[in-house]
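Start at 1 with the first residue, then count along the sequence. Because only heavy atoms are used, hydrogens play no part in the values below, and waters and symmetry mates are left out as well, while side chains stay in.
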Amino acid sequence: MTAAENVCYTLINVPMDSEPPSEISLKNDLEKGDVKSKTEALKKVIIMILNGEKLPGLLMTIIRFVLPLQDHTIKKLLLVFWEIVPKTTLDGKLLQEMILVCDAYRKDLQHPNEFIRGSTLRFLCKLKEAELLEPLMPAIRACLEHRHSYVRRNAVLAIYTIYRNFEHLIPDAPELIHDFLVNEKDASCKRNAFMMLIHADQDRALDYLSTCIDQVQTFGDILQLVIVELIYKVCHANPSERARFIRCIYNLLQSSSPAVKYEAAGTLVTLSSAPTAIKAAAQCYIDLIIKESDNNVKLIVLDRLIELKEHPAHERVLQDLVMDILRVLSTPDLEVRKKTLQLALDLVSSRNVEELVIVLKKEVIKTNNVTEHEDTDKYRQLLVRTLHSCSVRFPDMAANVIPVLMEFLSDSNEAAAADVLEFVREAIQRFDNLRLLIVEKMLEVFHAIKTVKIYRGALWILGEYCSTKEDIQSVMTEVRRSLGEIPIVESEIKKEAGELKSEEEVTVGPTQKLVTEMGTYATQSALSSSRPAKKEEDRPPLRGFLLDGDFFVAASLATTLTKIALRYVALVQEKKKQNSFVAEAMLLMASILHLGKSSLPKKPITDDDVDRISLCLKVLSECSPLMNDIFNKECRRSLSHMLSAKLEEEKLSQKKESEKRNVTVQPDDPISFMQLTAKNEMSSKEDQFQLSLLAAMGNTQRKEAADPLASKLNKVTQLTGFSDPVYAEAYVHVNQYDIVLDVLVVNQTSDTLQNCTLELATLGDLKLVEKPSPLTLAPHDFANIKANVKVASTENGIIFGNIVYDVSGAASDRNCVVLSDIHIDIMDYIQPASCTDAEFRQMWAEFEWENKVTVNTNIIDLNEYLQHILKSTNMKCLTPEKALSGYCGFMAANLYARSIFGEDALANVSIEKPIHLGPDAPVTGHIRIRAKSQGMALSLGDKINLSQKKTSL
């Protein structure tokens, strides 16, 4: 066993720069020094013993000169000293001197000072020698009746530990503690006594609880927590007891302590699945989230609510509590709000969607009035997305939501406005009855839109869905208003000329006399020009975008103008009006082209935008039926295809989720009757307290895969050869944040190997927690050594080292066997995750580390290669299946994953099939990986390089 697995009571910080003192000087200080120097000397002795020194000569010195002292600091240090000092001889017998120590502690247990009594009792909990404890038993029993609660509660703990380790010393402990518990008034003493009874004699604990079950609410919270634990354990082991204790758990939900309420709610859920019980527990969780100020607590309790929702039978009960859950939105923390909105969205039904939408609308309006906080924009985005999802699932709600959200198109935060725009686009396509309302509202807010991206989207929606003559004319009016005076170039030149003219109006200010360095006078006249500052904000928005050189919006405008002009021609019969409208549209386009080619904008127009605008001019001049069809029908059809594909994908993922949650029961499955279930079968259910304890210690057991090939044996790494004197192999067990190496060491020689030590070192972001302790191996013996390695971030790591040993009786130096390297695979930390396209693009722009991997594979099919990469890297493909289906000789896909440390990893696969090299040519191309940390990007690149080629089975 390693030091990490031993129970460790004493941790002392040691200054490393100090010189170790000699035994003689320490002996001198302990014999002749004053109290202060004795204290310092005793501290040094303790540190030396902890570092492995034996110091047997000092034992009697300390008993003679330090033990009789009454100083409290020295008494406390002596408790540490007696805990760590070796108390037995080499053959395992107790040292004679310890009898003197035992007598000293018997006196301390009768000391008038309660601190000395209490701390001595605590020390006795750590003693593992029955011979030392036996003479002290009467004194320990007497401490149960001490006037001070500190002594009494430590006496209970001492009796419990002694009873657990050496039952023969105090066989009547449960009875003694039960009598003590009945008469005790102090909460901490009662808690310790009750805790002992739970573990030592559960029946007595239940008898006591039965006598006071009605007063449980009046007990202190520490005792209530122990009572909850007892009830859980009893009902877990014996389900017939549930009816007896469930009322008590209900009462504890009203406790004043948040910890008791939390544990009681968790226990109630495991004991009963009745709707009233689930509702009471959920209500308790919600109250805890609202009242607790710590965000970590809020997140933990929210996770418990989400776990409740995962159970199909409980979901219906939680649906009635959606409005209560939404009260959590009053928390300013974004993560809490995010989880709450997701939970509310999962629970929303036709019964409560209306109330949900009203609350969310109020929240959206609130974000508008709040002074700008860094999370306000993100919260607004979350609210918009939630309302979007509600409207898609419940179309009746869209009419209430859209007018409120469209106010945010003029928001300066582009991300929130883009979400609103996406929602509006989907709503206008899906809900025919809302088109007029949306177009009307869009025209109202159009002039207030501030960002160019949103402007483009709004132009597209207006161009696509304006169907009446009045709306088309309104769009043209808004465009003219946003573009300003036409033609643009002439009006801008005139404005410039006007400014130059005003520059010439120069006024001469009063002259001022100045003295130079040499003492002569210099005259300075102040010329003041009255040139007015150029005011960017005076420009209409669209003109501003164009003069800044953003001509992509001009291409979008050209398409919009073409669509509405073609539609206007179809709606209006009069030739004169038709020509007038088309000519106006063409004038606007020509004016923009002229501006693009002039030197006025900051950046000239691109060839793509010129081609697009020229094409639109050509379409308007010819007005062919084919083009009319493409502009006014095909565009909408492609949007419809995209939205339906997206909806299909969402439905598919929801179906998978529900299938995962629904417990399918076969018709021939046996029915389990609780009353007829054997006790050992019942205990096979997982104990929640045990699980939470294991989770806290980091020992969570992962369920092994059903496939026998994916067993533990796959993770065994051979470290030395079979012909080496010492054979070693390691099983690498990866927990979340640490790696446990279980190394089997086999002595293959006929000699005894002494001080056989496993020496390890790490490369990468790994840290060895402790040095494994040396072993002595008999001939052909074997042993297991465990070593813990902490992991700090997601990157490949290497553990290397050697085994050193001495051969018994040999005069040679130490022998050494070098071990093979253990490579820690990054895949143990990477999990597939999903994000929106907008989030992916944002992260792609932000992450500074990029690793470009050239495709080098023997796979000849594009889709097969993508699937192979997804399987090898544990990443998720964000590009929809529909976009990847079909065959065109090339493929581009976005991949995303997140590590358990919260680090994001992005990848873009760009591959093609070189047709000119024949049908059997392998896939070529590049994979670009981006991550926040260099280690993550490099490690993922290495992983892809290693696993690109498909191995033939």
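- Residue A565 comes nearest to L620 through the heavy atom pair CB-CD2, 3.5 Å, listed as atom of the first residue, atom of the second, then distance.
- Annotation: K361, atom NZ; neighbour count of heavy atoms from other residues, nucleotides and ligands within 6.0 Å is above 12.
- In this structure the side chain of R481 never reaches within 4.5 angstrom of the side chain of F446, judged on heavy atoms.
- Annotation: side chain of M875 is in contact with side chain of L940 (closest heavy-atom distance under 4.5 Å).
- To the nearest 0.5 Å, atoms CD1 (I428) and OH (Y465) are separated by 6.5 Å.
- Aromatic ring centroids of F545 and F551 lie 6.0 Å or more apart.
- In this structure, NZ on K876 lies 11.0 Å from CZ on R898, to the nearest 0.5 angstrom.
- The structure places CG of L387 at 5.0 Å from CG of L360, a figure rounded to the nearest 0.5 Å.
- Of all the heavy atoms in S614 and L593, the pair that sits closest is OG-CD1, 4.2 Å.
- Contact annotation: the side chain of K563 approaches that of W460 to within less than 4.5 Å [non-hydrogen atoms, C-beta and beyond].
- Residues A458 and M442 approach most closely at CB-SD, 3.9 Å, considering heavy atoms.
- Checked by atom type and distance alone, the side chain of D471 never pairs as donor or acceptor with a backbone atom of C466 at under 3.5 Å.
- Taking both residues in full, the closest heavy atoms of V855 and T924 are given as CB-C, 4.1 Å, listed atom of the first, atom of the second, then distance.
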